[in-house]
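All values derive from a computational prediction rather than experimental measurement. For the single chain, residues carry numbers from 1 onward in sequence order.
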Amino acid sequence: MNPKKTNTLALLMIRIIAGIVVVILAFLIGRILIQGLPHISWKFLTTSSKAFTSGGGIGIQLFNSFYLLILTLIISFPISLGAGIFLAEYAPKNALTNVIRMAIEILSSLPSVVVGLFGFLLFVVQFKLGFSILSGAIALTFFNLPLLTRNIEDSLNSVPKLQREAGLALGLSKWHTVIKVILPEAIPGIVTGIVLCAGRIFGEAAALIYTAGQSATSVDFTKWNPFDASSPLNLFRPAETLAVHIWKINSEGIMPDAEQISAGSSAVLIIAVLIFNLSARFLGQKLYQHLTAAKQG
């Protein structure tokens, strides 16, 4: 077979495989949305869940999911940013750096249930934090940290070396070059990585079952003092998230309308993850255009 026919056949196979993947993804998302969208309403999104009676909602679970997401990013982003800058700009190429990068690779490939069990043994049991939002946020930080660090390092490494040399040629220090020249250029990639990691955190369940807990305690949304036991901002209360709620109602079967609640919750979760992914692309393009005064196709 001549090279031209081989190339045509290879492109055809790639297109077929890509088409199959797209069809499978569209089928799964479409099925979840078709089954779940009819059950979504304002009442469903804002009311509390019910255990033995029908008509419950996901208001507390939805709040817990966003609260855990924000708290996790507040903890993990500064650490990841510092680690990414160090690895990309300051770390020497030696055995220690290779060990650090290997550790990041290993941590990023750990199953989430292993991270959850680690968080349970260390934070829930050893540090006596109990099943709480704080335990869940720290566990998700371990889950998110290697991925976000690698994303920031790759975004910084993608900046051309000429920009580093230009900053140093202007008399800027290494640190000022990183902060004033390299980091702004890498912001679109960093923001894209943050939003994509946010979608992954929002849909996480296994790590939170063992750390944040499987119960959604009653909270009073008129009390915003984080030291109040009934405050939604209390870091030491159990917090069942939306993904954990879906797993729980399907495994326990104590709700008369468990199928409808599960379908609606799954649709909300899919919509949220889609919004995170589409936002990552949109924000990345807008920031790129703003910082470079160029149009990205």
Side-chain angles (χ1 to χ4, degrees), residues 42-51 56-83 112 115-149 190-191 194-249 265 268-269 272-273 275-276 279:
W42 181 250
K43 178 183 177 183
F44 178 74
L45 295 174
T46 55
T47 56
S48 302
S49 59
K50 298 180 180 179
I58 57 170
I60 295 177
Q61 288 81 6
L62 196 57
F63 175 83
N64 289 340
S65 296
F66 280 108
Y67 188 30
L68 265 168
L69 169 62
I70 294 171
L71 194 61
T72 301
L73 290 178
I74 289 174
I75 297 173
S76 62
F77 177 69
I79 301 173
S80 299
L81 181 63
S112 57
V115 177
L117 289 171
F118 168 78
F120 171 76
L121 293 173
L122 185 61
F123 307 120
V124 176
V125 178
Q126 188 66 33
F127 291 167
K128 301 185 185 302
L129 295 177
F131 292 107
S132 62
I133 289 177
L134 186 59
S135 297
I138 299 175
L140 286 180
T141 297
F142 280 91
F143 181 70
N144 188 48
L145 206 57
L147 299 173
L148 197 52
T149 300
I190 293 173
V191 171
I194 291 172
V195 178
L196 292 176
C197 284
R200 190 163 183 245
I201 293 170
F202 193 83
E204 179 56 38
L208 295 175
I209 291 173
Y210 301 102
T211 52
Q214 305 174 35
S215 61
T217 56
S218 180
V219 296
D220 187 351
F221 286 97
T222 63
K223 298 179 179 179
W224 295 99
N225 182 359
F227 299 102
D228 194 309
S230 60
S231 170
L233 299 181
N234 191 307
L235 296 176
F236 298 99
R237 64 176 179 86
E240 180 187 57
T241 61
L242 190 58
V244 174
H245 185 60
I246 295 171
W247 170 82
K248 183 181 176 181
I249 61 178
S265 301
V268 171
L269 188 61
V273 173
I275 290 173
F276 282 129
S279 299

Task: Interatomic distance, Leu69 atom CG to Thr241 atom OG1 [nearest 0.5 angstrom] - done: 11.0 Å

Task: Side chain Ser231, main chain Lys223, donor-acceptor under 3.5 Å - done: yes

- [ ] State whether the side chain of Thr149 and the backbone N or O of Ala83 hold a donor-acceptor pair below 3.5 Å, judged by distance alone.
- [x] no

Task: Nearest-0.5 Å distance, CG of residue Leu71 to CD1 of residue Ile74 - done: 6.0 Å

Open item on the list: Applying side-chain hydrogen bond (donor to acceptor under 3.5 Å, both in side chains), can you list everything that pairs with Ser76, at least two apart in sequence or on another chain?
Closed with: Asn144

Open item on the list: Counting neighbours of CZ on Phe44 that are heavy atoms of other residues, nucleotides or ligands and sit closer than 6.0 Å, is the number greater than 12?
Closed with: yes

Open item on the list: Are the side chains of Leu235 and Tyr67 in contact, using a 4.5 Å heavy-atom criterion?
Closed with: yes

Task: Ile201 vs Leu68 side-chain heavy atoms within contact, under 4.5 Å - done: no

- [ ] Would you check if the side chain of Glu204 reaches a backbone N or O of Ala206 as a donor-acceptor pair within less than 3.5 Å?
- [x] yes

Open item on the list: Is there a side-chain contact between Ile194 and Phe77 in this structure, where contact means two heavy atoms from C-beta onward sitting under 4.5 Å apart?
Closed with: yes

Task: Those residues that, when tested against Thr141, pass side-chain hydrogen bond (donor to acceptor under 3.5 Å, both in side chains) (two or more places apart) - done: none

TODO: Would you give the length of the straight line joining atom CG of Leu233 to atom CZ of Phe221, rounded to the nearest 0.5 angstrom?
DONE: 9.0 Å

TODO: Please list, chain by chain and in numerical order, all residues satisfying ring-ring contact (aromatic ring centres under 6.0 Å, His included) with Phe118, sequence neighbours excluded.
DONE: Phe142

TODO: Return the set of residues passing ring-ring contact (aromatic ring centres under 6.0 Å, His included) with Phe202 (not counting sequence neighbours), or none when no residue passes.
DONE: Phe66, Phe276

Open item on the list: Can a donor-acceptor pair be found, under 3.5 Å and without considering hydrogens, that links the side chain of Arg237 to the backbone of Ser230?
Closed with: no

Task: Contacts of Phe236 that satisfy ring-ring contact (aromatic ring centres under 6.0 Å, His included) - sequence neighbours left out - done: none

Open item on the list: Run the side-chain contact (heavy atoms from CB on, under 4.5 Å) test on Gln126 and Leu121 for me, step by step, so that the C-alpha distance in whole Å, both residues' side-chain angles and the decisive distance to 0.1 Å come before the verdict.
Closed with: CA-CA 6 Å; Gln126 188 66 33; Leu121 293 173; over 6 Å; no

TODO: Measure the CD-CD distance between Glu240 and Gln61 for me, rounded to the nearest 0.5 Å.
DONE: 4.5 Å

Task: Distance in Å, Asn64 CG paired with Leu208 CG, rounded so as to fall on 0.5 Å steps - done: 10.0 Å

Task: Inter-residue atom distance Ser48.OG - Phe63.CZ, 0.5 Å rounding - done: 12.0 Å

Distance-only donor-acceptor hits, side chain of residues 127-134, under 3.5 Å, sequence neighbours excluded:
from	atom 1	to	atom 2	distance (Å)
Ser132	OG	Leu129	O	3.3
Ser132	OG	Gly130	O	3.4
Ser132	OG	Ser135	N	3.3
Ser132	OG	Ser135	OG	3.1

Open item on the list: How close do Ile209 and Gln214 get, counting heavy atoms only, and between which atoms?
Closed with: CG2-NE2, 3.2 Å

Task: Non-hydrogen atoms of Asp228 and Asn234 that approach each other most closely - done: O-ND2, 2.8 Å

Open item on the list: Tell me the closest heavy-atom pair linking Gly203 and Leu269, and the distance in Å.
Closed with: CA-CD1, 4.0 Å

Task: Any side-chain heavy-atom pair of Leu122 and Ile138 under 4.5 Å - done: no

